[in-house]
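Below, each value reflects all heavy atoms present in this structure, side chains not excepted, and no hydrogens, waters or symmetry copies.
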Amino acid sequence: ELLFGKRMFEEIARHSIGFNLHAEVAGDYAVNVRMFEVTAAGALLLTDHKKNIRELFEPDSEILTYSSPAECIDKLRWALEHPEDARKIALAGQQRTLKDHSVEKRVELLFEIMKEEYSKDR
């Protein structure tokens, strides 16, 4: 069953950990919405490490990242064995998303980019 909207967030929130793997098209950049869905719902994000990840979240403080399948498994085990520490990271990730990565913040950023690009043409 495919879930969208409120039902999707409720399902994510029922879990303590959300896994993310960027598609090949992302290249070296963290760019997918799943990162923000998982963190906004209050789950711990475990995602592949990308070169711009620190612009979005602080690894090991707000999310967990991995650079290999073995590291992914190690971080997942750690999170399962340390639920209180994992929950603190998840809450920090949620706070960061709600503060810096809301739809409103993203629209503001897009508006600024568009204004800058539009002014170059004139």
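- Side-chain atoms of Ser16 and Leu44, non-hydrogen and from C-beta on, never get closer than 4.5 Å to each other.
- Looking at Asn52, its side chain does come within 3.5 Å of a backbone N or O of Ala30 through a donor-acceptor pair.
- Side chains of Asp60 and Ile89 form no contact here, defined as non-hydrogen atoms less than 4.5 Å apart.
- Panel note: side chain Lys50, backbone Gly27; a donor-acceptor pair is recorded below 3.5 Å.
- Taking the six-membered ring where the residue is Trp, Phe36 and His101 present tilted rings, their angle falling between 30° and 60°.
- What you find for Arg106 and Leu56 is that their closest heavy atoms are NH2-CD2, 3.9 Å.
- Ser102 contributes no side-chain N or O that, together with a main-chain N or O of Leu98, makes up a donor-acceptor pair within less than 3.5 Å.
- Note: Leu110 CG to Glu117 CD = 11.0 Å, rounded to the nearest 0.5 Å.
- Note that CZ of Phe57 is 3.5 Å distant from OG1 of Thr39, once rounded to the nearest 0.5 Å.
- Scanning all heavy atoms of the two residues, the minimum distance from Ile12 to Val38 falls at CG2-CA, 3.9 Å.
- From Arg54, atom CZ reaches atom OG of Ser61 across 8.5 Å, with rounding to the nearest 0.5 Å.
- Using a distance-only test at 3.5 Å, with no hydrogens or angles considered, a donor-acceptor pair links the side chain of Ser119 to the main chain of Glu116.
- Side-chain atoms of Gln94 do not come within 3.5 Å of backbone N or O of Ala90 as any donor-acceptor pair.
- Salt-bridge formation is not detected for the pair Glu10/Arg14: no Lys NZ or Arg NE/NH1/NH2 atom is positioned less than 4.0 Å from an Asp or Glu carboxylate oxygen.
- Between Glu37 and Arg34, at least one side-chain nitrogen of the basic residue sits less than 4.0 Å from a carboxylate oxygen of the acidic one, meeting the salt-bridge criterion.
- At least one donor-acceptor pair closer than 3.5 Å links the side chain of Glu71 to the backbone N or O of Ser67.
- From Ser68, atom OG reaches atom CG of Asp74 across 7.5 Å, with rounding to the nearest 0.5 Å.
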Using a 3.5 Å cut-off and no angle test, enumerate the donor-acceptor pairs between side-chain atoms of residues 79-88 and protein atoms at least two apart in sequence or in another chain.
| residue | atom | partner | partner atom | Å |
| --- | --- | --- | --- | --- |
| His82 | ND1 | Trp78 | O | 2.9 |
| His82 | ND1 | Trp78 | NE1 | 3.2 |
| Arg87 | NH1 | Gly42 | O | 2.7 |

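- Side-chain contacts under 4.5 Å among hydrophobic residues (ILVMFWY), followed directly or transitively, place Ile113 together with Leu109.
- By the rule that hydrophobic residues join a cluster once side-chain heavy atoms approach within less than 4.5 Å of another member, Ile63 and Tyr66 end up as members of separate clusters.
- Side-chain contact between Leu64 and Pro59 is absent, with no heavy atoms from C-beta onward closer than 4.5 Å.
- Thr47 places none of its side-chain heavy atoms less than 4.5 Å from the side chain of Lys75.
- Both Phe19 and Ile17 are part of a single hydrophobic cluster, where members link through side-chain heavy atoms under 4.5 Å apart.
- At least one side-chain heavy atom of Leu46 sits under 4.5 Å from a side-chain heavy atom of Leu76.
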Would Asp48 and Thr65 count as a side-chain contact (heavy atoms from CB on, under 4.5 Å) here? Give the steps. CA-CA 5 Å; Asp48 49 335; Thr65 64; over 6 Å; no
Please step through side-chain contact (heavy atoms from CB on, under 4.5 Å) for the pair Ile53 and Met35, ending with a clear verdict. CA-CA 10 Å; Ile53 198 74; Met35 298 185 315; 4.2 Å; yes
